[in-house]
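Working notes, beginning with the structure itself.
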Amino acid sequence: MSPTFSNPRYQSAVLLVLCAAAYAPAILAFFVKDDFALITSARFDLVAALGRSWPGGFFRPTAEWAFAGQHALFGLSPPPYHLVSFAAHLTAAFCLYRLLLLLPLYRPLAPLAAALFALHPVNTETVSWISGQMGLCATLCALAALYFARVGRPIIALAAFILGLGFYENFLFIIL
């Protein structure tokens with residue numbers, strides 16, 4: 001049986017290839033902008049993360065914990081951080097695809113919209129900057145919250161929403 005574009009496995013493979021095309025140039029990139037400062041200042045201290053702002057004056061405890069975990073695992077080697085970004089972007093593209101499939105009006109556009117999102121994220125810093133993971137993970141949490149709310153999993157949707165709040169303060173726009 002030949003693959004068709006309506007086959008979910010084929011569509012998932014297409015999303016994987018498009019995300020890989022978008023991220024391939026960044027995999028071997030070094031740290032840029034504020035990457036190094038954010039990674040090295042991140043701590044697992046729950047009380048400190050909830051009680052103070054992180055570099056730049058932002059309240060992003062989930063992002064701080066994510067960077068602290070990555071720093072503990074990867075040290076100062078940039079490629080694994082970029083692979084984490086790749087995995088998050090691929091998951092976000094797949095969540096967008098699944099969410100659009102649930103909306104009858106948008107179902108025919110789901111493969112194209114997800115493919116465009118996978119190939120060219122609106123915020124290209126999420127691809128090239130490790131610090132862009134904050135926006136990328138907030139987007140992933142937003143899409144997951146909307147998807148799980150739509151499929152009747154309010155607890156999972158709420159958990160994704162709360163995680164998203166800790167990645168980026170403008171995450172509250174999801175309510176709109």
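Every value quoted in this text rests on a predicted model; they were computed, and no experiment measured them.
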Keeping the roles fixed (side chain from [X], backbone from [Y]), state whether a donor-acceptor pair exists under 3.5 Å.
{"X": "His89", "Y": "Ala118", "value": "yes"}
{"X": "Glu64", "Y": "Arg43", "value": "yes"}
{"X": "Arg98", "Y": "Tyr147", "value": "no"}
{"X": "Arg60", "Y": "Gly166", "value": "no"}

On a heavy-atom basis, which atom in [X] and which in [Y] lie closest, and how many Å separate them?
{"X": "Gln133", "Y": "Tyr81", "value": "NE2-O, 3.0 Å"}
{"X": "Ala157", "Y": "Ala149", "value": "CB-N, 3.6 Å"}
{"X": "Phe67", "Y": "Ala42", "value": "CB-CB, 3.7 Å"}
{"X": "Phe30", "Y": "Pro78", "value": "CD1-CG, 3.6 Å"}
{"X": "Leu15", "Y": "Ala115", "value": "CD2-N, 3.9 Å"}
{"X": "Leu119", "Y": "Ala21", "value": "CD1-CB, 4.2 Å"}

Drop me the distance from [X]'s [atom1] to [Y]'s [atom2], to the nearest 0.5 angstrom.
{"X": "Phe94", "Y": "Phe117", "atom1": "CZ", "atom2": "CZ", "value": "13.5 Å"}
{"X": "Tyr168", "Y": "Thr62", "atom1": "OH", "atom2": "OG1", "value": "14.0 Å"}
{"X": "Leu76", "Y": "Asp35", "atom1": "CG", "atom2": "CG", "value": "11.0 Å"}
{"X": "Ser131", "Y": "Leu136", "atom1": "OG", "atom2": "CG", "value": "11.5 Å"}
{"X": "Leu83", "Y": "Leu90", "atom1": "CG", "atom2": "CG", "value": "12.0 Å"}

(request) Take Leu143 and Leu99 through the test side-chain contact (heavy atoms from CB on, under 4.5 Å) and record every step on the way to the result. (result) CA-CA 8 Å; Leu143 292 168; Leu99 178 63; 4.2 Å; yes

(message) Please determine whether the number of non-hydrogen atoms from other residues, nucleotides or ligands lying under 6.0 Å from atom CZ of Phe36 exceeds 12.
(response)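 Not buried by this count: 12 neighbours or fewer within 6.0 Å.
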
Can you hop from [X] to [Y] via hydrophobic side chains spaced under 4.5 Å?
{"X": "Phe44", "Y": "Met134", "value": "no"}
{"X": "Leu140", "Y": "Leu165", "value": "no"}
{"X": "Leu103", "Y": "Leu96", "value": "yes"}
{"X": "Ile130", "Y": "Leu73", "value": "yes"}
{"X": "Ile39", "Y": "Leu28", "value": "no"}

(request) Among Ile, Leu, Val, Met, Phe, Trp and Tyr joined by side-chain contacts under 4.5 Å, find the other residues sharing a cluster with Leu158 and list them by chain and number. (result)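 Its cluster partners, ordered by chain and number, are Ile162.
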
